[in-house]
Amino acid sequence: MHFTSAQRLDDGVLEREFTLGEIPGTLWTPGSAAPAPLILMAHNNGLPKAASRLVARARHSAAHGYAVASIDAPGCGDRPRSAADEQARAELRRAMQAGEPVDEIFESLIGPLVEKAVPEWRTTLDALLALPGIGGPVGYSGWTAVGIRLAVDEPRISAAGFFAGGYVPLAQREEARRVTVPLLFLLQWDDEGNPRQRALDLFDAFGSKEKTLHANPGGHVGTPWFEVEDGARFFGRHLR
């Protein structure tokens with residue numbers, strides 16, 4: 001892991017950009033010297049790690065004593081996209097503008113993204129846990145499709161917070177039954193791009209004995225800030 005920049009924020013959080021092979025990432029660590037629990041934070045459907053909502057959540061968590069890391073998935077952020085990715089995204093934009101069904105297009109786009117992103121998250125996790133100042137346990141927050149696969153395949157994940165707003169491929173909907181870690185699931189009740197019943201069915205499918213659903217009125221980007229604070233309390237119960 002090679003750090004390429006660093007800045008100390010007003011609240012004492014250290015924000016560092018890094019590269020790990022071809023993987024670009026950002027690491028936020030608290031000002032305290034004690035080893036910090038780690039939260040892996042991913043934006044829905046592979047949006048860039050620099051997205052403002054993700055950065056705000058990450059800085060808030062780091063200020064409350066967590067190490068937080070995010071990476072750009074293959075084909076996301078500044079990483080090059082394959083011809084198949086570009087074609088799928090163009091077709092998705094066209095279908096959405098025309099009001100046509102988009103599930104098959106999402107499958108062709110998000111399914112491969114998950115398959116590529118999860119191994120990179122696990123490689124990043126290996127490198128992060130080798131750094132001084134970062135201990136366990138490990139939590140995950142954000143993109144549901146990647147989070148399901150990570151929670152199933154990665155035994156170091158101790159708790160997860162999922163956002164219901166991103167498309168979840170059929171493979172991950174089936175894998176949801178194998179998710180057993182404590183889970184907090186956030187749903188925007190009026191999300192225009194996410195059928196409510198599909199999200200409720202997914203929540204029902206999770207195999208976790210401890211799982212909580214938080215639903216709020218409003219559209220896709222209307223998640224209230226107090227959910228970030230509730231998320232901190234959730235991780236406090238399971239990562240401290």
| request: Find out whether H43 and R53 are in side-chain contact, i.e. whether some heavy atom of one side chain is under 4.5 Å from a heavy atom of the other. | output: yes

Note to self: Hydrophobic clusters here meaning ILVMFWY residues chained together by side-chain heavy-atom distances under 4.5 Å, can you tell me if Y140 and L113 are in one?
What the structure shows: yes

Counting C-beta onward and ignoring hydrogens, is there a side-chain heavy-atom pair between M41 and W28 closer than 4.5 Å?
no

Closest non-hydrogen contact found for A95 with V102 is CB-CG1, 3.8 Å

- request: For the residue pair L202 and F185, establish whether any side-chain heavy-atom pair is separated by less than 4.5 Å.
  value: yes

Note: S208 and T180 closest approach over all heavy atoms is OG-C, 3.4 Å

When the side chains of residues 148-161 are checked against the rest of the protein, which donor-acceptor pairs come out under 3.5 Å, sequence neighbours left out?
unit_1 : atom_1 : unit_2 : atom_2 : d
R149   : NE     : E175   : OE1    : 3.1
R149   : NE     : E175   : OE2    : 2.9
R149   : NH1    : E115   : OE1    : 3.3
R149   : NH1    : E115   : OE2    : 3.3
R149   : NH2    : E115   : OE2    : 3.0
R149   : NH2    : E175   : OE2    : 3.1
E154   : OE1    : R122   : NE     : 3.0
E154   : OE1    : R122   : NH2    : 3.4
E154   : OE1    : R156   : NH2    : 3.1
E154   : OE2    : R156   : N      : 3.1
E154   : OE2    : R156   : NE     : 2.8
R156   : NH1    : D126   : OD1    : 2.9
R156   : NH2    : D126   : OD1    : 2.7

Can you label the angle between the Y167 ring and the F106 ring as parallel, tilted or perpendicular, going by 30° and 60°?
parallel

ask   = Quick check: does any side chain N or O of R81 sit under 3.5 Å from a backbone N or O of G75, one acting as donor and the other as acceptor?
value = yes

With a 4.5 Å cut-off on side-chain heavy atoms, are L128 and V138 touching?
no

Shortest non-hydrogen pair, R16 vs L14, comes out as NE-CD2, 3.5 Å

d(E86 CD, L109 CG) to nearest 0.5 Å is 10.0 Å

Of L40, I110, V168, V114, the one forming a side chain to side chain contact (heavy atoms under 4.5 Å, CB included) with V146 is V114

Note: G135 and P35 closest approach over all heavy atoms is N-CB, 4.2 Å

Is any side-chain heavy atom of E227 closer than 4.5 Å to a side-chain heavy atom of P224? yes

Is Q188 close to H220 at the side-chain level, that is, under 4.5 Å between some pair of heavy atoms? no

In terms of heavy-atom contacts, F234 and L184 come closest through CZ-N, 3.7 Å

Decide salt bridge (charged side-chain N to carboxylate O under 4.0 Å, His left out) for R198 and D103; before the verdict, give the C-alpha distance in whole Å, the side-chain angles of both, and the deciding distance to 0.1 Å. CA-CA 12 Å; R198 180 183 293 172; D103 279 9; 2.5 Å; yes

Smallest heavy-atom separation, T29 atom then A67 atom, equals CG2-CB, 4.1 Å

If we only count heavy atoms from C-beta on, is the P24 to K49 side-chain gap below 4.5 Å? yes

| query | So, does S108 use its side chain to make a donor-acceptor pair with the main chain of I105 at under 3.5 Å? | reply | yes

Within 45° cone and under 6.0 Å: K211 NZ/CZ vs F203 ring: yes

Are L9 and V228 linked, directly or through intermediate hydrophobic residues, by side-chain heavy-atom contacts shorter than 4.5 Å (ILVMFWY only)? no

Short question: side chain of E107, backbone of L170 - any donor-acceptor pair under 3.5 Å?
yes

d(E210 CD, L183 CG) to nearest 0.5 Å is 9.0 Å

- Validation row: F226, N216 side chains within 4.5 angstrom (heavy atoms): yes

| task | Spell out, as yes or no, whether a donor-acceptor pair under 3.5 Å connects the side chain of N194 to the backbone of A164. | result | yes

